[in-house]
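Being a predicted model, the structure only gives us computed values, none of them experimental. Along the sequence shown, residues are numbered consecutively beginning with 1.
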Amino acid sequence: MISQNTFAEKVLEFNRALAQINLCLPDKYRIINPYSGGQKELVHKITTRFTQKHFNDTKPRRLILGSSPARSGTAVTGVPFEDAKYLQKETGIFIDKVHASQASSRFLYDVMRNYGGREKFYDNFFMSFVCPLGLVKTNTKGNEVNCNYYESKKLQEYLLPFIVSSLSSQIKFGVDTSVCYCIGSGENYKFLTQINNEYHFFEKIIPLEHPRFITQYNSKNINWYMKKYMTALCLV
């Protein structure tokens, strides 16, 4: 009997493929690739330990997709939406240079607790990105700042083949395609919907406001947004 690769093995194989990516982008834009960067060995240790802990089985999971990794977060650690401080605690691996606990992560940790805990959450969901590598641009002052794949039509055109290929690859992890959750109810949801209308990756896409938008601009209504998250995630 041929053994079936686990969800974790497929994720790690995908990460290895990302390490080989070398994208041509418009002037002033650059990819941040944690899987081939200066800390790639550390990233490999972190992602391997985290992924084998939570996805070492063949159960299907639903995708939760953000836009692209933040340069001081996932673009450094390689683990979607998990902040470095918590990852260090969970994996036991010292993560140098990145210690800030992100507001977005804290909100999502509360989501996990309300859902029934991290183990139950990761039994049912896999968090990732429409564009799974970080993006930065050089601003008018010559400084590199975060940007999103949808920032300009030209950037979208350059990234579209990579995005479509990445989504297709991630679905092959063993993803339940009946529903996908899109973190970012504006441009990210709009773009993902356009792609889905053409490629039919998912039967339904449910938009959810970005945790940063919630915590920074709508903190008074955080309980309402938490209820919205929980209602959507508990549909199935």
Side-chain angles (χ1 to χ4, degrees), residues 7 10-11 14-15 17-18 21 23 31-35 47 50-51 54-55 59-71 73-75 77-83 102 104-105 107-109 111-112 115 121-135 146-151 155-156 159-214 225 228-236:
F7 201 100
K10 293 176 183 178
V11 172
F14 177 68
N15 290 350
L18 288 178
I21 294 294
L23 296 173
I31 283 285
I32 295 184
N33 191 334
Y35 311 105
T47 54
F50 180 88
T51 302
H54 291 293
F55 306 111
K59 292 183 289 188
R61 289 169 170 86
R62 286 168 275 159
L63 273 179
I64 300 175
L65 295 174
S67 55
S68 56
R71 64 173 181 159
T74 305
T77 66
V79 181
F81 291 101
E82 290 277 353
D83 76 65
Q102 303 295 321
S104 296
S105 298
F107 177 82
L108 289 172
Y109 294 154
V111 169
M112 292 178 193
Y115 187 77
F121 180 85
Y122 282 120
D123 268 352
N124 290 286
F125 302 103
F126 179 74
M127 292 194 290
S128 187
F129 301 95
V130 174
C131 178
L133 295 177
L135 296 164
N146 277 324
C147 69
N148 282 304
Y149 70 86
Y150 51 72
E151 180 160 305
L155 183 60
Q156 286 181 28
L159 288 170
L160 181 59
F162 170 62
I163 287 173
V164 170
S165 174
S166 296
L167 287 172
S168 180
S169 295
Q170 291 179 90
I171 286 172
K172 294 175 183 176
F173 294 171
V175 165
D176 175 358
T177 58
S178 62
V179 61
C180 171
Y181 302 93
C182 180
I183 293 183
S185 57
E187 292 300 317
N188 195 36
Y189 173 64
K190 179 181 177 181
F191 186 83
L192 183 57
T193 299
Q194 290 173 348
I195 292 175
N196 197 56
N197 287 342
E198 181 173 356
Y199 293 95
H200 309 289
F201 289 129
F202 311 104
E203 294 176 25
K204 179 195 300 185
I205 300 175
I206 297 178
L208 295 167
E209 284 73 20
H210 197 287
R212 185 172 58 252
F213 169 80
I214 296 170
Y225 286 108
K228 181 177 180 178
Y229 264 71
M230 298 310 301
T231 299
L233 297 180
C234 293
L235 279 176
V236 179

Taking the side chain as C-beta and beyond, is there a heavy-atom pair between Leu63 and Phe173 under 4.5 Å?
no
Tell me, with the steps shown, if Leu108 and Ile64 meet side chain to side chain contact (heavy atoms under 4.5 Å, CB included).
CA-CA 11 Å; Leu108 289 172; Ile64 300 175; over 6 Å; no
If I compare all heavy atoms of Pro69 with all of Pro132, which pair ends up nearest, and what's the gap?
CG-O, 3.5 Å
Would you name the heavy atoms of Ser128 and Phe81 that are closest together and state the gap between them?
O-CE1, 3.6 Å
Reported CD1-to-OH distance for the pair Ile163 and Tyr150, which is rounded to 0.5 angstrom:
11.5 Å
Run the ring-centre check on Tyr229 versus Phe107 and record whether the distance is less than 6.0 Å.
yes
Quick one: do Glu203 and Val179 satisfy side chain to side chain contact (heavy atoms under 4.5 Å, CB included)? Show the steps, please.
CA-CA 6 Å; Glu203 294 176 25; Val179 61; over 6 Å; no
Side-chain touch Val175/Phe126, heavy atoms, less than 4.5 angstrom
no
Ignoring hydrogens and geometry, is there a side-chain-to-backbone donor-acceptor pair from Ser165 to Pro161 under 3.5 Å?
no
Hey, what do you get for OG (Ser185) to NE2 (His210), rounding to the nearest 0.5 Å?
10.5 Å
Run the side chain to side chain contact (heavy atoms under 4.5 Å, CB included) test on Ile31 and Leu135 for me, step by step, so that the C-alpha distance in whole Å, both residues' side-chain angles and the decisive distance to 0.1 Å come before the verdict.
CA-CA 5 Å; Ile31 283 285; Leu135 296 164; 3.3 Å; yes
Compare all side-chain heavy atoms of Asn188 with those of Val130 and state whether any distance is below 4.5 angstrom.
yes
Hey, does the side chain of Asp176 reach the backbone of Ser178 with a donor-acceptor pair shorter than 3.5 angstrom?
yes
Ile171 side, atom CD1; Ser166 side, atom OG - distance, nearest 0.5 Å:
11.0 Å
Between Phe14 and Tyr35, does the ring pair (Phe, Tyr, Trp, His ring centres under 6.0 Å) criterion hold? Intermediate values first, please.
CA-CA 10 Å; Phe14 177 68; Tyr35 311 105; 8.0 Å; no
Check the pair Tyr115, Phe125 against side chain to side chain contact (heavy atoms under 4.5 Å, CB included), reporting the backbone distance first and the verdict last.
CA-CA 11 Å; Tyr115 187 77; Phe125 302 103; 3.5 Å; yes
Rounded to the nearest 0.5 angstrom, the CD1-CG distance for Ile205 and Asn196 is 4.0 Å
Any non-hydrogen side-chain atom of Ile183 less than 4.5 Å from a side-chain atom of Tyr181?
no
On a heavy-atom basis, the closest approach of Thr77 and Glu82 is OG1-O, 4.0 Å
Any side-chain heavy-atom pair of Phe121 and Met127 under 4.5 Å
yes
Are side-chain heavy atoms of Leu160 and Phe191 found at a separation under 4.5 Å?
yes
Where do Leu18 and Asn33 come nearest, in terms of heavy atoms and distance?
O-ND2, 2.7 Å
Interatomic spacing from CG in Leu208 to CD1 in Ile214 - rounded to 0.5 Å:
8.0 Å
Six-ring centre of Phe55, Arg61 cation under 6.0 angstrom, axis tolerance 45°:
no
Compare all side-chain heavy atoms of Met112 with those of Tyr109 and state whether any distance is below 4.5 angstrom.
yes
Interatomic spacing from OG in Ser67 to CG in Leu192 - rounded to 0.5 Å
11.0 Å
What pair of heavy atoms forms the shortest contact from Gly174 to Phe7, and how long is it?
O-CE1, 3.8 Å
Does Val111 reach the side chain of Pro211, with side-chain heavy atoms less than 4.5 Å apart?
no
